[in-house]
Amino acid sequence: MTGPGSLGEPEDVRDRPPGAAREIARRSVRRGKTWVYEGILKARTLMQLREAEALFRAAFDDLEGEGRMDVTWHPLLTAFAEVPPKFYEARALTADIIDSQDTRNFERPFVVGLRMSDRRYFDEESEVHTVEVKNTNTTYDFT
Amino acid sequence: MAITLPNNVRGPALDLTLPASAEATDLTVRNNTTGKTLTINLPTAWAGDDLVLDWFRRTIQDQTGKDRSDLLDAADSDLWSSPAGFLPGASNDLEIEAVCAALTGQDPFNQTAGTLAAKNLPLGGTWAEAGGAGVFSVVAGESHCLQRTQTNDGAAIGRLALAGAAEEEGTVVAVDAKVSTLGLGPPYQGVFCRYKDVSNYVYAIILFEESTSVFVYKVVAGVATKLSGTAVGSYAANTNHRIALQVERSGAWSVSFDDSTVATGTDEVLAAGKTLGKGRRGIYDQWSGSTGKTRTYDNFTVRSLAPAAYAAKAALRWDRGYF
């Protein structure tokens with residue numbers, strides 16, 4: 001799985017002055033980032049496998065916006081129970097299932113390629129500051 | 001309370017849970033650290049929709065996802081539009097206020113013709129008068145308005161029409177005014193509030209002449225002091241123009257002409273508890289010249305800025321980002 005350990009892709013802007021054996025590095029930024037997942041779809045029967053494949057493709061079909069991927073620790077890892085889940089938002093550019101029956105089991109390897117427009121991932125709402133406005137024409141501070 | 005936004009936040013977002021309201025309400029969020037503010041103008045008959053202001057997605061939406069960026073006050077939106085509205089990695093002193101000017105006095109002057117004193121406002125009590133000679137009179141018929149025709153008012157004071165006995169701290173008082181002819185000097189036509197007696201009040205007036213002006217004066221112990229004077233343009237005679245004077249409990253005041261603010265200021269004597277911190281309100285008229293000029297008034301309104309029960313909630317949140 002590539003992605004979480006990678007920096008955002010650079011937009012490296014440089015000028016090449018004619019006649020000089022050098023470049024001039026200009027202000028550049030890192031843009032988005034690609035996450036790639038590999039996995040295996042497993043089912044008990046062929047019909048269940050086909051149904052799972054259809055659901056898989058439907059889940060990654062939308063290109064209009066960016067979907068949200070929540071990343072949480074496995075519940076058996078109790079040492080991380082207090083660690084808040086992370087999430088990121090991305091658009092699925094590829095979701096491929098390799099349709100090859102190589103074993104007796106009904107399983108298919110898949111690859112999902114997700115493109116993040118914002119290279120960061122996030123804690124959700126780690127802090128919330130609230131205030132009750134009980135009267136008009138009165139100023140209230142956020143707490 | 002100062003809120004520290006960490007570096008690298010996504011957002012923030014402000015969730016507003018708003019009650020239904022018959023009166024128009026302005027919701028203002030202030031960041032006292034950056035000096036940036038924004039105001040959401042909730043119209044009359046607000047149904048109680050909730051709003052989310054999302055600084056990351058740059059959207060203002062209601063609970064159905066409908067765009068409600070039309071509610072953002074274009075003249076007060078720095079906190080929304082300015083990149084420096086919030087300081088990341090530093091404390092931000094945030095506060096919120098719902099400003100609602102509830103109607104407490106109103107008179108379109110549909111009463112029977114005659115002297116104004118002792119006539120009742122449809123809302124706000126009974127009219128009384130004070131000051132110089134020459135009364136206000138209700139004019140019936142098609143015009144249904146209030147007029148005063150007295151000439152040669154003393155230089156120190158005109159005639160004050162007091163709208164009810166209520167004394168208010170925060171007030172917005174307004175009236176439509178016009179004059180029958182221009183030239184040979186302008187009469188003083190407008191509104192007053194924080195009235196204690198004929199020697200203590202604050203008033204805002206229109207001077208209708210070839211170049212019309214709006215002035216604000218305070219009168220303390222009989223001494224009149226000009227707070228502002230602003231030219232507002234040239235207008236023909238016999239055309240209504242609206243003047244509104246707003247004075248808040250803090251001592252801040254503002255005057256508007258035809259719904260456009262022309263001057264603002266703050267005066268300690270107007271703060272709650274001070275000399276002119278509270279008082280009655282009404283219509284001011286003064287004409288010191290000898291030429292006959294009919295001054296006409298209509299659509300008098302008073303709105304109170306006193307605190308009233310409201311039930312809104314606001315929650316500021318953000319996502320903490322990691323690379």
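All chains are named by letter (A, B, ...) in the order of the sequence lines, taking the proteins before the strands, and each is independently numbered beginning at 1.
If you measure heavy-atom distances from B:Arg30 to chain A, the contacts under 4.5 Å come from the side chain alone. Contacts between B:Ala13 and chain A at a heavy-atom distance below 4.5 Å are absent for every atom of the residue. Looking at B:Leu27, neither its backbone nor its side chain comes within 4.5 Å of chain A, counting heavy atoms on both sides. Proximity to chain A (any heavy atom under 4.5 Å) is shown, for B:Asn32, by neither the backbone nor the side chain.
A tilted orientation is assigned to the rings of A:Phe122 and A:Phe87, their planes being inclined by 30° to 60°.
Screening residues 64-77 of chain A for side chain to side chain donor-acceptor pair (under 3.5 Å), with sequence neighbours left out, gives A:Glu66-A:Ser117, A:Arg68-A:Asp70, A:Arg68-A:Glu124. Residue pairs that meet the side chain to side chain donor-acceptor pair (under 3.5 Å) test with at least one member in residues 260-270 of chain B, sequence neighbours left out, are B:Lys218-B:Asp267.
Applying the side chain to side chain contact (heavy atoms under 4.5 Å, CB included) test between B:Leu71 and each of B:Asn41, B:Leu42, B:Asp49, B:Ile60 identifies B:Leu42 as the sole match.
Among B:Ala309, B:Gly11, B:Ala308, B:Ala315, the residue making the largest number of heavy-atom pairs under 4.5 Å with chain A is B:Ala308. Between chain A and the options B:Pro12, B:Ala306, B:Ala311, the largest number of non-hydrogen pairs under 4.5 Å is found for B:Ala306.
Formation of a donor-acceptor pair under 3.5 Å by the A:Thr143 side chain with backbone atoms of A:Thr130 is found in this model.
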